[in-house]
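Working notes, structure below.
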Protein chains: 2
Amino acid sequence: MTGQVRTVDGRVAGRRGQATRQKLLDCLREMLDTSPYRDVKVIDVARMAGTSPATFYQYFQDVESAILEIANDMAKDGQRLKALTEDQGWTGKGGYAAAEALVDGFLEFWQEYEPILRVVDLASAEGDKRFYKVRQSILTAVTTGLTEAIEEVQAKGKTGEEVAANAMAGTLVAMLAAVSGHQKGFETWKIKMKDVRPALSTLVFMGITGKKPPR
Amino acid sequence: MTGQVRTVDGRVAGRRGQATRQKLLDCLREMLDTSPYRDVKVIDVARMAGTSPATFYQYFQDVESAILEIANDMAKDGQRLKALTEDQGWTGKGGYAAAEALVDGFLEFWQEYEPILRVVDLASAEGDKRFYKVRQSILTAVTTGLTEAIEEVQAKGKTGEEVAANAMAGTLVAMLAAVSGHQKGFETWKIKMKDVRPALSTLVFMGITGKKPPR
DNA sequence: ATCCGATCTGACTGATCGTCAGATTTCTGC
DNA sequence: GCAGAAATCTGACGATCAGTCAGATCGGAT
């Protein structure tokens with residue numbers, strides 16, 4: 001399904017072509033690490049890769065298509081976050097540990113892919129369906145996992161009327177994504193990430209179980 | 001202090017100039033409502049305002065400076081969110097009602113200024129200090145208000161070791177901002193905003209008080 | 001009606017986008 | 001190893017937009 005690498009006009013790329021294409025992707029990624037998204041020019045990426053803009057357009061429709069490619073790889077890697085919601089007890093001390101693991105997973109993942117996620121966030125916020133889909137593929141997995149966890153806890157507790165499980169799960173995931181994406185912002189504030197981690201873990205635990213975490 | 005409106009080269013703008021300037025700002029804002037930020041061209045804004053690009057540059061350094069102007073107005077309006085954190089009981093039913101009011105305040109504010117906030121988010125995420133400052137001026141007020149509320153609750157409860165108040169407040173504010181900014185995203189999911197509101201309120205309440213909200 | 005400062009704009013330079021035809025490199029069969 | 005074919009690359013081009021500047025136009029004061 002992933003199939004062959006193709007040029008814009010549909011030809012299957014050979015050995016040399018694939019190498020060039022990959023080099024362009026690498027340079028684009030490096031560029032995104034250092035410059036604001038809107039300042040990334042095809043001409044600069046091409047220059048950095050030691051080739052010409054025309055070559056770039058041979059392999060990518062436009063800059064966004066290229067970023068999308070990088071984002072898709074990221075999304076594939078992101079599926080591991082889903083595992084952090086599954087087969088967990090979610091009650092008692094073990095539950096809190098699971099919450100911490102989920103929080104750490106998010107923080108690390110966002111730190112690793114920060115520049116890409118920034119573009120994905122923006123583009124999907126502005127209505128680009130391709131990027132929206134990437135974002136969803138990462139977050140949906142976690143959200144559904146958490147939804148199931150919450151439903152399970154609610155079924156056992158049967159406290160009567162509860163918050164909708166999927167809304168709570170979606171909210172927690174949005175929170176995790178937001179805080180993870182603003183780690184630098186927190187530090188620029190007088191807030192230490194060392195303190196934010198337990199705050200997040202506590203909220204995740206309370207959101208799922210409705211109880212204060214054990215200490 | 002707000003002083004007179006000035007042109008880029010320092011002249012004080014007269015009646016006609018101010019009108020033109022305002023028209024440009026209005027058109028820019030309308031443009032941001034409908035097009036992605038990166039697609040907004042000075043030439044289009046000028047055309048929509050029935051003037052020429054050169055005129056635009058008479059009043060604004062660049063597009064971002066103009067957006068910053070709009071963003072500053074928004075930030076001024078945003079100070080009302082701070083009031084929602086002050087002089088609240090934050091315990092019992094009254095506390096939950098206060099949490100609901102805060103949540104609603106955020107949701108409405110973000111809905112009203114969605115396109116501007118989107119740009120502010122992006123620009124500050126990419127390191128533009130001017131926009132970062134605007135973002136902070138809105139969020140800091142709420143965060144400090146919440147921090148005080150949490151410290152107050154913690155002082156009364158004196159349960160020993162607690163989560164750092166400012167970290168918890170910052171996290172809650174980030175959560176509110178994130179969810180408010182993704183209202184459309186939630187709806188595109190199968191999650192109803194009607195369900196998200198209580199989820200948010202519950203998390204805010206629990207984050208502040210450490211207890212499950214009363215029903 | 002005339003003048004003067006405030007305001008606007010046509011025209012220009014320079015940068016980038018995105019395309020295409022043709023040059024260059026690599027591969028293939030012999 | 002070589003001719004021919006296929007793959008790949010690129011110079012050059014037309015189009016668009018940013019940003020600047022000198023000069024045209026406007027509108028109120030006298």
Side-chain angles (χ1 to χ4, degrees), chain A residues 3-28 30-32 34-69 119 123 126 128 130, chain B residues 3-28 30-32 34-69 119 123 126 128 130:
Chain A
Q4 294 121 324
V5 175
R6 286 177 178 275
T7 58
V8 167
D9 54 335
R11 254 192 356 268
V12 175
R15 197 172 303 138
R16 183 158 68 124
Q18 293 208 19
T20 303
R21 201 184 119 103
Q22 191 55 50
K23 189 163 197 177
L24 285 168
L25 281 177
D26 291 344
C27 291
L28 172 57
E30 188 177 337
M31 203 126 236
L32 283 173
T34 57
S35 328
Y37 164 44
R38 64 196 123 92
D39 290 350
V40 170
K41 312 290 181 194
V42 170
I43 204 173
D44 294 326
V45 177
R47 193 149 34 210
M48 183 184 289
T51 181
S52 79
T55 300
F56 182 95
Y57 287 105
Q58 191 134 40
Y59 295 105
F60 306 103
Q61 201 80 33
D62 48 36
V63 179
E64 285 164 38
S65 297
I67 297 180
L68 194 65
E69 181 105 2
V119 178
E126 285 191 332
D128 188 314
R130 303 172 299 171
Chain B
Q4 294 122 323
V5 175
R6 287 178 178 275
T7 57
V8 166
D9 53 336
R11 255 193 355 270
V12 174
R15 197 171 302 136
R16 185 157 67 124
Q18 293 208 19
T20 304
R21 201 184 119 101
Q22 192 55 49
K23 189 163 197 177
L24 284 167
L25 281 177
D26 292 344
C27 291
L28 173 56
E30 188 177 338
M31 205 125 237
L32 283 173
T34 55
S35 326
Y37 165 44
R38 61 185 174 285
D39 289 351
V40 170
K41 313 287 181 196
V42 169
I43 206 174
D44 293 327
V45 177
R47 194 151 32 212
M48 183 184 288
T51 181
S52 80
T55 300
F56 183 94
Y57 287 104
Q58 192 134 40
Y59 295 106
F60 306 103
Q61 201 79 32
D62 48 36
V63 179
E64 283 164 39
S65 298
I67 297 180
L68 194 65
E69 180 104 3
V119 178
E126 285 191 333
D128 189 313
R130 303 174 297 173

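Atom set for the values below is all heavy atoms of this structure, side chains included, hydrogens, waters and symmetry mates excluded. Below, read A as the first sequence line, B as the second, and so on, with proteins coming before strands; counting in each chain starts at 1.
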side-chain N/O [X] vs [N] OP1/OP2, d < 4.0 Å:
| X | N | result |
| --- | --- | --- |
| Thr55(A) | dT10(D) | yes |
| Thr20(B) | dT7(C) | no |
| Arg15(A) | dC27(C) | yes |
| Ser52(A) | dG11(D) | no |
| Tyr57(A) | dC20(C) | no |

Distance, rounded to the nearest Å, where [X] contributes [atom1] and [N] contributes [atom2]:
| X | N | atom1 | atom2 | value |
| --- | --- | --- | --- | --- |
| Glu64(B) | dG19(D) | CD | C1' | 14 Å |
| Ile43(A) | dA15(C) | CD1 | P | 10 Å |
| Asp9(B) | dA6(C) | CG | P | 10 Å |
| Gln58(A) | dG11(D) | CD | C1' | 14 Å |
| Phe60(B) | dT20(D) | CZ | C1' | 18 Å |
| Gln22(B) | dT7(C) | CD | P | 15 Å |
| Lys23(A) | dT8(D) | NZ | P | 16 Å |
| Gln61(A) | dC17(C) | CD | P | 15 Å |

When Gln18(B) and Ala54(B) are each assigned the nearest nucleotide of DNA chain C, the 5'-most assignment goes to Gln18(B)
Quick one, [X] and [Y] - any side-chain contact, counting heavy atoms below 4.5 Å?
| X | Y | value |
| --- | --- | --- |
| Leu25(A) | Phe60(A) | yes |
| Gln58(B) | Arg11(B) | yes |
| Ser65(A) | Arg130(A) | yes |

Salt-bridged, Lys23(B) to Asp26(B), with N to O below 4.0 Å?
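Salt bridge between Lys23(B) and Asp26(B), a charged N being under 4.0 Å from a carboxylate O: no.
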What is the minimum heavy-atom distance between Tyr57(B) and Val8(B), and which atoms define it?
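Looks like O-CG2, 3.3 Å.
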Touch check for Tyr59(A), heavy atoms < 4.0 angstrom, all strands: base, sugar-phosphate only, or nothing?
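Answer is sugar-phosphate: Tyr59(A) comes under 4.0 Å of backbone atoms only.
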